Amino acid sequence: MSLKKESSPKRVQSPELGENEGKYVELHGWVHDIRILGKLTFLIIGDPYGYYQAVLKGELAKKGSSIPRQSYVILRGNVVKSVSKINPYEVQVNYIEIVNEADTVLPLDPASKVQSELMTRINNRPLDLRDSEERKIFLMRADVLHIIRDFLTQNGFVEVDTPKIIATASEGGAELFKVDYFGKPAYLAQSPQLYKEELVLALGKVFEIAHYFRAEKSNTVKHLNEFTSVDIESAMMGKFDVMKILEELIKHIYSSLKAKGYQVNELKGNFPIYTYEQVCDSTGVNFGEDLSSEVLNEFGKDKEFYFIIDWPLSLKPFYTMPKGEKLSESFDLMYKGLELASGGQRIHKYDLLVERLKANNLNPESFAEHLKVYRWGMPVHSGWGLGFDRLMMVLTGRNNIREVVLYPRDSRHLAP
RNA sequence: GCCCUGGUAGUAUAGCGGCCUAGUAUGCGGCGCUGUCACCGCCGUGACCCGGGUUCAAAUCCCGGCCAGGGCGCCA
């Protein structure tokens, strides 16, 4: 069918009703709700940008009253001021065309008269997104991605994209998904760590926003097997330099979202910085022990964004720059008890990197491709990785990471 | 990998040995209503996850499976 007929009136979308008052217009959308009062039918029509009311009288009222909810329709009519308590304007319909009828029994109700469980919603995600509250999460997600790209680019970072199919484990430790690469074993990348470090050799400041994969059978509200990470790496920067970039980025995201009309908190002051040892002292943890969820939840319960710096070397990956005998030039960015980002200064000396690989029971020979770069004049460098989905949890106030990912992949869900 | 909880119409829930011929809301179908706005009123439709067991009697108790929610660990 042709979407643009010669006789069609001007097509408008829900937010444009006010500026078209008194005009005869065409609107496309889905039937969100219906209220029938005898020979008068009210249709609440949704489109990607909002909702509005359409009024049908006489024969059209009868036709309109039998349209299944969520059906897609084309309406034409005059835009008038409404006496409705909710809608300032409404459309007095004189033409309605049903583009596609929806099933009369739907797997969930986007009008949310009855709230569905998370898995019911995810299993029917497109329909779930006809609910503006759910849709808003992903509109915001897209906006935040743009904001991050703009900010990092403005600050001189070059966007790169590195392979997600790799030959060997990039960091050791985490379980990787194994794939068959023309008969050879290969793995899905757990992070861009080694590539982004190699790239600062010539590009100086790089960032990458991409999906990564971990084959851990985590069963929590903050882990997925496929997740999105924002990574940066910069030559000739130390730990505090990249922490500052991270803090400024977070603050910039908040102020930009506010400017776009999103309801987000005001961030005041600088992010507090605690050393790992200070956290240990205030929570009774022994030096060298990792900070458990319980400890971090307790420590962070009355805090928002803050840093924990100078972690024991033994708790950080092999490429982390040592600070003295036992500590490292590292940091985590926390929000309450949730780890949002981690980073620090990296080792830039070949010999030290080999030594740290060995200390972590990793074989330097299997890192030969990576190590050779360190013989070519590698600068001092630092960087971080930010869990983008976790950041979205914080920005939206949702407490399950699955709520802010369209089609989440966890150990139990490979579809949809 | 370990641990806890739960699975009742399309959706969400009540019931937790016999009062269940399984209640309610919403959806869906029908009827009435010309200004609703979570419209309203009346009528109807539709469910105990699967397989064993205990018992005179199981939606309800026990075991196994499957599915789901959450905690720990791992981390982003």
Side-chain angles (χ1 to χ4, degrees), chain A residues 32-44 51-58 60-62 65-66 68-70 80 82-88 90 92 102-124 127-128 131 171-176 190-193 209-231 290-297 315-317 332-335 338-343 384-394 399-402 404-405 410-413:
Chain A
H32 180 73
D33 204 358
I34 304 180
R35 286 189 274 280
I36 302 157
L37 289 89
K39 294 188 180 65
L40 183 62
T41 295
F42 296 98
L43 295 181
I44 309 304
Y51 300 98
Y52 60 90
Q53 175 165 282
V55 186
L56 287 72
K57 296 177 179 173
L60 282 175
K62 198 175 171 187
S65 68
S66 64
R69 282 157 213 259
Q70 301 305 136
V80 298
S82 177
V83 294
S84 162
K85 294 167 193 159
I86 299 168
N87 311 283
E90 66 187 22
Q92 298 280 356
D103 283 354
T104 49
V105 178
L106 296 166
L108 59 81
D109 171 26
S112 290
K113 286 176 184 173
V114 175
Q115 189 67 43
S116 298
E117 286 185 352
L118 182 58
M119 268 311 130
T120 304
R121 289 172 26 218
I122 290 171
N123 285 335
N124 302 281
L127 188 57
D128 179 45
D131 179 337
E171 299 180 33
E175 291 286 324
L176 304 187
Q190 68 175 115
S191 94
Q193 183 62 35
I209 302 174
H211 279 32
Y212 298 98
F213 308 89
R214 307 241 167 120
E216 308 279 357
K217 282 196 174 178
S218 297
N219 196 194
T220 77
V221 293
K222 55 187 178 181
H223 291 87
L224 290 174
N225 295 291
E226 178 175 8
F227 63 99
T228 303
S229 177
V230 178
D231 278 86
D290 211 345
L291 303 179
S292 67
S293 295
E294 192 186 355
V295 164
L296 289 171
N297 283 332
L315 295 178
K316 289 291 174 185
D332 281 6
L333 175 68
M334 308 292 300
Y335 181 87
L338 182 67
E339 185 182 340
L340 285 182
S342 69
W384 42 255
L386 168 68
F388 182 69
D389 310 305
R390 289 188 177 180
L391 176 66
M392 288 308 303
M393 290 171 72
V394 172
N399 51 25
N400 189 324
I401 196 166
R402 282 160 265 243
V404 302
V405 174
D410 62 34
S411 56
R412 299 203 275 231
H413 300 279

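In this text, all values refer to a predicted model and were calculated from it rather than measured experimentally. Computed over heavy atoms, backbone and side chain alike; hydrogens, waters and symmetry mates excluded.
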Determine yes or no for a side-chain-to-main-chain donor-acceptor pair under 3.5 angstrom, with A:Asp332 supplying the side chain and A:Met334 the backbone. no
Less than 4.0 angstrom between a side-chain N/O of A:Ser218 and OP1 or OP2 of B:rC75, yes or no? no
Where do A:Val394 and A:Leu338 come nearest, in terms of heavy atoms and distance? CG2-CD2, 4.3 Å
If a protein heavy atom is under 4.0 Å from the base, mark B; if only from the sugar-phosphate, S; if neither, -; do that for nucleotides 28-37 of chain B going 5' to 3'. SS---BBBBB
Between the side chain of A:Arg390 and the main-chain N/O of A:Leu340, is any donor-acceptor distance below 3.5 Å? no
A:Leu296 atom CG is separated from B:rC75 atom C1', nearest whole Å, by 12 Å
Over how many whole Å does the gap from A:Leu106 atom CG to B:rU26 atom C1' extend? 13 Å
Between A:Arg402 and A:Thr228, the residue closer to the 5' end of RNA chain B by nearest nucleotide is A:Arg402
Scan residues 109-119 of chain A against RNA chain B and write down, sorted by residue number, each residue with any heavy atom closer than 4.0 Å; if none is found, say none. A:Lys113, A:Val114, A:Gln115, A:Ser116, A:Glu117, A:Met119
At less than 4.0 Å, is any side-chain N or O atom of A:Thr120 found next to OP1 or OP2 of B:rA12? Yes or no. yes
Under a 4.0 Å N-O cut-off, is there an ion pair linking A:Asp33 with A:Lys113? yes
Could you please name the option among B:rA68, B:rG71, B:rC74 that lies closest to any side-chain atom of A:Asn219? B:rG71
From CZ of A:Phe227 across to C1' of B:rC74 the rounded distance in Å is 12 Å
NA contact type, A:Leu391, heavy-atom cut-off 4.0 Å: base, sugar-phosphate, or nothing? nothing
So which heavy atom on A:Thr228 is nearest to which on A:Ile209, and how close? CG2-CG2, 4.1 Å
Using a 4.0 Å heavy-atom cut-off across all strands, classify A:Asp103 as base, sugar-phosphate, or nothing. nothing
Work out how far the P atom of B:rC40 is from that of B:rG46, and round it to whole angstrom. 24 Å
Separation of B:rC3 atom P from A:Lys217 atom NZ, nearest Å, is 15 Å
Taking only side-chain nitrogens and oxygens of A:His413, does any of them come within less than 4.0 Å of OP1 or OP2 of B:rA68? yes
d(CD1, A:Ile122; P, B:rC67) in whole Å: 17 Å
Less than 4.0 angstrom between a side-chain N/O of A:Arg412 and OP1 or OP2 of B:rG69, yes or no? yes
From NZ of A:Lys222 across to C1' of B:rA76 the rounded distance in Å is 10 Å
For a quick check under 3.5 Å, do A:Ser112 and A:Asp131 share a side-chain donor-acceptor pair by atom type? yes
Considering every strand and a 4.0 Å limit on heavy-atom distances, what is the contact class for A:His32: base, sugar-phosphate, or nothing? nothing
So which one's nearest nucleotide on RNA chain B is more toward 5', A:Asn297 or A:Glu339? A:Asn297
How long is the line joining CG of A:Asp128 and C1' of B:rA12, in whole Å? 15 Å
Grab the CG-C1' distance between A:Leu291 and B:rG73 for me, whole Å please. 14 Å
For A:Gln115, is the CD atom crowded, meaning more than 12 foreign heavy atoms sit under 6.0 Å from it? yes
Only pairs with both distances under 3.5 Å count, Watson-Crick or wobble alike; so what is the partner of B:rG1 in this structure? B:rC72
Mind checking A:Val221 for me? I need base, sugar-phosphate or nothing, with any heavy atom below 4.0 Å counting as a touch. sugar-phosphate
